[in-house]
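Since the structure comes first, as structure tokens, the remarks are kept for the end.
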Amino acid sequence: MNRSTQTLLTEVAQSLSSPKSLCGLFHEHRDGDPLPSQPALAEAMDLCRAILFPGFYGKSNVNNQNLIFHVGVALEHLYGLMSKQIDAGLCFATGWSEVEAYGNSYVTAQDVRRQKACELTREFIERLPALRQTLATDVEAAYLGDPAAESYGEVISCYPVIKAITNYRLAHELLLLGVPLIPRIITEMAHSETGIDIHPAATIGHHFTIDHGTGVVIGATCIIGNNVKLYQGVTLGAKSFPVDKEGNPIKGIPRHPILEDNVIVYANATILGRITIGHDAVIGGNIWVTEDVAPGEFRTQRNPITN
């Protein structure tokens with residue numbers, strides 16, 4: 001006799017709820033602990049773009065007379081969104097489960113965490129003016145590096161690199177502030193939108209651009225200097241993953257390339273390992289590079305050096 005549907009559903013529910021099947025896959029909710037929201041973070045990134053590039057994003061009726069009003073309103077809204085999302089990110093960090101004592105009174109870990117989230121949000125917002133200055137150099141690099149670009153406005157409105165690098169630079173500042181999880185969500189949102197995958201932990205200098213952009217991968221420990229240009233399909237990745245005694249990858253060690261100032265990497269080049277591409281070097285398309293490249297060298301398929 002066949003089992004009833006209800007019996008089947010009960011058995012499957014029990015199987016899917018067993019601790020063994022959930023190892024590493026279950027985040028247990030605690031009352032008062034929020035979860036990050038991708039829609040809220042998407043709204044926050046839209047606000048950041050409207051603040052950093054007013055008139056191109058956000059309200060279309062911005063002018064010199066009402067600019068400070070629109071920016072002020074957007075900043076206030078951004079503060080509310082990001083403080084909640086940073087609070088949610090902190091829930092994934094250790095150290096927030098203990099009660100903190102203040103004199104003769106006690107406050108919960110949730111209170112301390114929320115206060116920390118507000119402090120981090122203020123520090124993040126305080127960094128926006130400097131971040132805009134850096135993004136202005138990225139816009140300039142994209143415009144000057146593409147003969148087809150007719151204006152800065154076209155670059156800001158249309159070029160995927162500006163969306164990707166904006167999310168990256170915002171996420172990178174959050175990561176430097178010690179915010180867990182949220183930076184990675186922000187860069188992965190841009191990855192889904194543009195096809196450009198930049199880890200928030202990478203270090204990227206000013207006047208950075210990516211032409212076309214689809215398929216570009218920049219690893220977590222990459223260090224990229226100033227005035228660097230990449231083309232579509234470029235991978236700045238790791239050659240190997242050292243493992244510990246248990247065979248697990250050792251995390252946190254430098255394993256991605258260093259690109260010094262004024263480097264150009266053409267389409268579909270793959271640069272692997274902790275190697276250095278010297279300043280003013282040019283890497284041709286469709287080539288694997290796994291050893292250092294001297295400053296000013298022009299590396300192509302005709303003169304590759306690999307292990």
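- When all heavy atoms of Ala50 and Gly58 are compared, the pair lying nearest together is CB-CA, 3.7 Å.
- Between Ile287 and Tyr266 the shortest side-chain heavy-atom distance does not fall below 4.5 Å.
- Between the side chains of His206 and Gln133, no donor-acceptor pair is found at a separation under 3.5 Å.
- Residues Ile186 and Val217 fall into different hydrophobic clusters, defined by Ile, Leu, Val, Met, Phe, Trp and Tyr side chains chained together at heavy-atom separations under 4.5 Å.
- Both Val161 and Tyr152 are members of a single hydrophobic cluster when ILVMFWY side chains are connected at heavy-atom separations under 4.5 Å.
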Let me see the working for Thr290 and Leu272 under side chain to side chain contact (heavy atoms under 4.5 Å, CB included), right down to the final yes or no.
CA-CA 5 Å; Thr290 57; Leu272 301 178; 4.2 Å; yes
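- Although no hydrogens or angles enter the test, the distance criterion places a donor-acceptor pair under 3.5 Å between the side chain of His172 and the main chain of Pro200.
- Interatomic distance, Leu75 CG to His70 NE2, rounded to the nearest 0.5 Å: 13.0 Å.
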Might you work through the side chain to side chain contact (heavy atoms under 4.5 Å, CB included) test for Thr209 and Asp146, ending with a clear yes or no?
CA-CA 10 Å; Thr209 189; Asp146 185 1; over 6 Å; no
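- Placement of Ile264 and Ile223 in two distinct hydrophobic clusters is found when ILVMFWY residues are connected by side-chain heavy-atom separations under 4.5 Å, directly or transitively.
- Nearest heavy atoms, Gly278 versus Val263: O-CG2, 3.3 Å.
- Distance OG1/Thr134 to CD1/Ile204: 11.5 Å, rounded to 0.5 Å.
- Note that CG of Asp138 and NE2 of His207 are 8.0 Å apart. Values are rounded to the nearest 0.5 Å.
- Taking the side chain as every heavy atom from C-beta outward, Arg274 and Ile258 approach each other to under 4.5 Å.
- Proximity of a side-chain donor or acceptor of Thr121 to a complementary backbone N or O of Ile86 within less than 3.5 Å is not detected.
- Taking each heavy atom of Pro129 and Ile125 in turn, the nearest pair found is CD-O, 3.9 Å.
- Side chain of Gln85 to backbone of Ile182: no donor-acceptor contact under 3.5 angstrom is found.
- Side chains of Leu177 and Arg127 form a contact here, defined as non-hydrogen atoms less than 4.5 Å apart.
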Please determine whether side chain to side chain contact (heavy atoms under 4.5 Å, CB included) holds for the pair His256 and Leu236, giving the CA-CA distance in whole Å, both sets of side-chain angles, and the decisive distance to 0.1 Å.
CA-CA 6 Å; His256 299 100; Leu236 306 180; 5.8 Å; no
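- In this structure, Pro183 and Leu174 approach most closely via the heavy-atom pair CG-CB, 3.8 Å.
- No donor-acceptor pair under 3.5 Å is formed between the side chain of Gln232 and the backbone N or O of Gly215.
- Atoms CD1 and CD1, from Ile277 and Ile271 in turn, are 4.5 Å apart once rounded to the nearest 0.5 Å.
- In this structure a side-chain-to-backbone donor-acceptor pair under 3.5 Å is missing from Ser15 to Glu11.
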Evaluate the criterion salt bridge (Lys or Arg N to Asp or Glu O under 4.0 Å) for residue pair Asp87 and Lys84; output intermediate values, then yes/no.
CA-CA 5 Å; Asp87 181 24; Lys84 291 180 181 178; over 6 Å; no
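- No side-chain donor-acceptor contact under 3.5 Å links Asn226 to the backbone of Gly205.
- The minimum heavy-atom distance between Arg255 and Thr221, with the atom names listed, is N-OG1, 3.0 Å.
- Rounding to the nearest 0.5 Å places CD1 of Ile185 at 6.0 Å from CG of Leu41.
- The backbone N or O of Ala281 sits nowhere less than 3.5 Å from a side-chain atom of Arg299 that would complete a donor-acceptor pair.
- Looking at Cys222 and Leu259, their side chains never come closer than 4.5 Å, going by heavy atoms from C-beta outward.
- In the hydrophobic clustering of this structure, Val179 groups with Leu181; members are Ile, Leu, Val, Met, Phe, Trp, Tyr whose side-chain heavy atoms approach within less than 4.5 Å, directly or through other members.
- Counting heavy-atom neighbours within 6.0 Å of Glu76 CD, excluding the residue itself, gives a total of 12 or less.
- The side-chain heavy atoms of Glu260 and Thr276, taken from C-beta on, include a pair separated by under 4.5 Å.
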Going through the checks in order, is the side chain to side chain contact (heavy atoms under 4.5 Å, CB included) test met by Glu188 and Ser192?
CA-CA 6 Å; Glu188 288 302 326; Ser192 298; 5.5 Å; no
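- Under the 3.5 Å distance criterion, the side-chain polar atoms of Lys229 are matched with a main-chain donor or acceptor of Gly145.
- Looking only at side-chain heavy atoms (C-beta outward), Arg132 and Phe53 stay at 4.5 Å or farther from each other.
- Within the 4.5 Å cutoff, no side-chain heavy atoms of Val265 are placed close to those of Val289.
- No more than 12 heavy atoms of other residues, nucleotides or ligands sit less than 6.0 Å from atom CD1 of Ile68.
- Note on Leu47 and Ile165: same hydrophobic cluster, where clusters join Ile, Leu, Val, Met, Phe, Trp and Tyr whose side-chain heavy atoms are under 4.5 Å apart, directly or indirectly.
- Here the CG-CZ distance, from Leu131 to Phe124, works out to 7.5 Å after rounding to the nearest 0.5 Å.
- When atom types are taken as modelled, the side chain of Asn262 and the backbone of His279 share no donor-acceptor pair closer than 3.5 angstrom.
- In this structure, the side chain of Tyr57 does not engage the main chain of Leu52 through any donor-acceptor pair within 3.5 Å.
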Test salt bridge (Lys or Arg N to Asp or Glu O under 4.0 Å) on Glu193 and Arg49 and set out the steps.
CA-CA 15 Å; Glu193 185 178 2; Arg49 292 174 185 175; 3.6 Å; yes
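- At a threshold of 4.5 Å between non-hydrogen side-chain atoms, the residues Arg169 and Glu173 do not count as touching.
- The two residues Ile250 and Asp244 come nearest to each other via the heavy atoms CG1-N, 3.7 Å.
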